[in-house]
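First the structure, in the form of structure tokens, and then the observations on it.
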2 protein chains.
Amino acid sequence: MASMPTVTDVALAAGVSRQTVSNVMNSPGIVRADTRERVEAAIAQLGYRPHASARRLRTRRSSTIGIRLDPMIDGISGSVLDRFLHALTEQADKQGLRVLLFTATSPEDEIIQLQRLNDGADVDGFVLTSTFAGDPRTKWLIENKIAFVTFGRPWGTDDVSDPQHLWVDVDGWAGLHEATRAAQNAGARRIGYIGWPSSADTGDDRRRGWHDAMHERGDVTEADLTKLEVVTVDGVAEGTAAMQDLRRRAGPLDAVLCASDSLALGAMIANPERVPVTGYDNTPVAAAIGLSSVDQSVGEVAAGVLDLLTGEFGGQIHGAPESLQPRYQMIRPRLVTRAFAAIPMEVLA
Amino acid sequence: MASMPTVTDVALAAGVSRQTVSNVMNSPGIVRADTRERVEAAIAQLGYRPHASARRLRTRRSSTIGIRLDPMIDGISGSVLDRFLHALTEQADKQGLRVLLFTATSPEDEIIQLQRLNDGADVDGFVLTSTFAGDPRTKWLIENKIAFVTFGRPWGTDDVSDPQHLWVDVDGWAGLHEATRAAQNAGARRIGYIGWPSSADTGDDRRRGWHDAMHERGDVTEADLTKLEVVTVDGVAEGTAAMQDLRRRAGPLDAVLCASDSLALGAMIANPERVPVTGYDNTPVAAAIGLSSVDQSVGEVAAGVLDLLTGEFGGQIHGAPESLQPRYQMIRPRLVTRAFAAIPMEVLA
DNA sequence: AGAAATTATTTGATCGATCAAATAAAGTCA
DNA sequence: TGACTTTATTTGATCGATCAAATAATTTCT
């Protein structure tokens, strides 16, 4: 038993043919019960494991999905993608799928990598993250009819109700809408917002969540609403500066919502009155510090991605046009409420 | 051109045999220059890509390494392994290696997964992280003669100079020794240490780095040294509590070193005098907050791991006993110095 | 130049599984 | 029972590459 047993060995041991062994593994339904049991016993007894590469060569599918690992990002929020990766790997495992990583230095380089993995039959499809408007990767993948799903809606160019590719995204609007509502229900009226410059689609989406919720309640004038908003690039120091700015401009605040945990952490530092601050992404830092935060539910996103990738479409839109299966999934984030538990601010004063 | 071209197509186009095409790719040296060029031209022209699974089936090697992705850890320091994964993927890519992820719910389950991937010829070897004393995984891998390298030295059982398996680790002692020295050189005398209970080997290692450096300098009495140390489990709140404790017990401090960034972040919160605090792991949080921290140099670790895995040993010790190649690598971490830049503490007072 | 040694290239077999088509066995109905 | 379906199982070919051994081309040496 120098090497692993093969189907032939199992077939011999069970007194059946190779194909029957194969059938027991792939379409157990068509094998008579007693035969199946005999084969299964032989498999167990010999410790047989199918040779993945051999199977792939023949079936032309790898049961593997590729995902790019972003280069190290110095920033708290990078961990969202890491958590997504965790979730994806776990969920994929349950479906017998493997996750293969790769790196790329630019979108163009990434396309080369996509091609390599696809041509080498290494993967059945891809999961794309960090998509952006006019993303060349999605265009290329569609043109080459390669199965893929994006984590992130197709910003800009696309009509949400008839997307050109499959996607899953988190509803940032809903997240901030809910966070705003929660603050309002807790009695807050003057709720500030620290967001990103409107070049980022994601940022606009979140901002509208807050803005709409404030409008709906209507207990703040339009002029005040403008004062309650500060725009800055992401970062802890930027958050601190923005918070100081906000307090100066808007006067007393009942609560502050931020577009990211980085900003929220920064804001909290310039927050002697302990105004409740809510971040976004529910990063480990938020948990550690005791910040409320909007959680992207990466688990649900991962499940949705795999759903679309393995589901009816097989990761592609073209070729299954009549289906009623949804072509995208908008995941509702959930608000995690915390109360600065970890921060005994008294020691600071 | 419905499907991808194969070696045969290339051979036909270049007017040579299959094997010559194969040689051009795998042992270019034995092919005459002009023939090689002709084949390379054909490859480029047809856009030929070798079929990975077919190659694997024949060669019985996959050019893929497996690594387990830990279940989501709620903690700041989890990101070290994520960063290691980034680095590993990048380095592996340079050597034409792929990284395949898997998950497991327990060490026992992990062994099952290891077996599956190995038997299916999915991977050539493994990288193990988070090893611990008496780890059943390493035992099993050695017994089954499967190539692997651990990130983490074999704690306890093993003799470092003659290890039973290949490993790479970061010298926590050196990290804290250097951090202590740096503080001393900056004029600090009373340098506190917030560490973990001594059940954790890693923690003891770091603690000794501080302790030894303090001893060497000798400007603090042994009695004082005891007062300068606080032990607690990991966590931000715990760090805050430990810092308060430390200030109470040890009186005035010149600097504080911590066994983790979580503790350091916590400590910083109970630090109105702005005593320099140094953490460990150089997590994004440390960067964001402006904490000094000991960086584990995951890039070097990744390079070392791949070195051992693909090097002379081929990931195994048995079978290459005479080699002078080192069987392990101890990576020196590097101290990243920051100055609370992101934290304008004035706003707190 | 011609034999021997070296280098370059080709041929047939093979890795381990599944597909497609053929055969055997079991079940159905007049 | 015998012809006719339906279900179960087997056989031969194949996926795309590389290995091992055979052949062809080239170089070396006397």
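Numbered from 1 within each chain, the chains take letters A, B, ... in sequence-line order.
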To the closest 0.5 Å, what do you measure between [atom1] ([X]) and [atom2] ([Y])?
X      : Y      : atom1 : atom2 : result
B:L57  : A:R55  : CG    : CZ    : 13.0 Å
A:E143 : A:T138 : CD    : OG1   : 9.5 Å
B:I142 : B:R137 : CD1   : CZ    : 12.0 Å
A:S63  : B:D122 : OG    : CG    : 9.5 Å
A:T129 : A:L85  : OG1   : CG    : 9.0 Å

Over how many whole Å does the gap from [X] atom [atom1] to [N] atom [atom2] extend?
X     : N      : atom1 : atom2 : value
A:L12 : C:dG16 : CG    : P     : 15 Å
A:R56 : C:dC19 : CZ    : P     : 15 Å
A:L57 : D:dA13 : CG    : P     : 18 Å
A:R49 : C:dA17 : CZ    : C1'   : 16 Å
A:H51 : C:dT14 : NE2   : C1'   : 13 Å
A:M4  : C:dC15 : CE    : P     : 15 Å
B:R58 : D:dA17 : CZ    : C1'   : 8 Å

Margin query: How close do A:T64 and B:L100 get, counting heavy atoms only, and between which atoms?
Written below: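 Heavy atoms only, the tightest pair is CG2-CD1, 4.4 Å.
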Next item on the list: Might you point out which heavy atoms bring B:H51 and A:A121 nearest each other, and give the distance in Å?
Entry: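 Here B:H51 and A:A121 meet closest at NE2-CB, 3.2 Å.
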Next item on the list: Kindly say whether, by distance alone, the side chain of B:R55 makes a donor-acceptor pair under 3.5 Å with the base of D:dT18?
Entry: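 Counting by modelled atom types and ignoring angles, no donor-acceptor contact under 3.5 Å is found here.
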Next item on the list: Please work out whether the ring planes of A:Y328 and A:W167 are parallel, tilted or perpendicular, with thresholds of 30° and 60°.
Entry: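 Judged by the thresholds at 30° and 60°, the geometry between A:Y328 and A:W167 is parallel.
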Next item on the list: Could you check which residues of residues 16-40 of chain A get a heavy atom under 4.0 Å from DNA chain C? Sort them by number, please.
Entry: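 Heavy-atom contacts with DNA chain C come from A:R18, A:Q19, A:S22, A:N26, A:R32.
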Notebook entry, point to check: What does A:R61 touch in the nucleic acid at a heavy-atom separation under 4.0 angstrom: a base, only the sugar-phosphate, or nothing?
Noted result: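 Contact class for A:R61: none.
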Checklist line | Rounded to 10 degrees, the angle between the two terminal axes of the helix from C:dA1-D:dT30 to C:dA30-D:dT1, each from five pairs | finding: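 Computed angle between terminal axes is 40°.
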Notebook entry, point to check: Can you tell if the side chain of B:R49 reaches within under 4.5 Å of the side chain of A:R116, non-hydrogen atoms only?
Noted result: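 Counting from C-beta outward, B:R49 and A:R116 do come under 4.5 Å.
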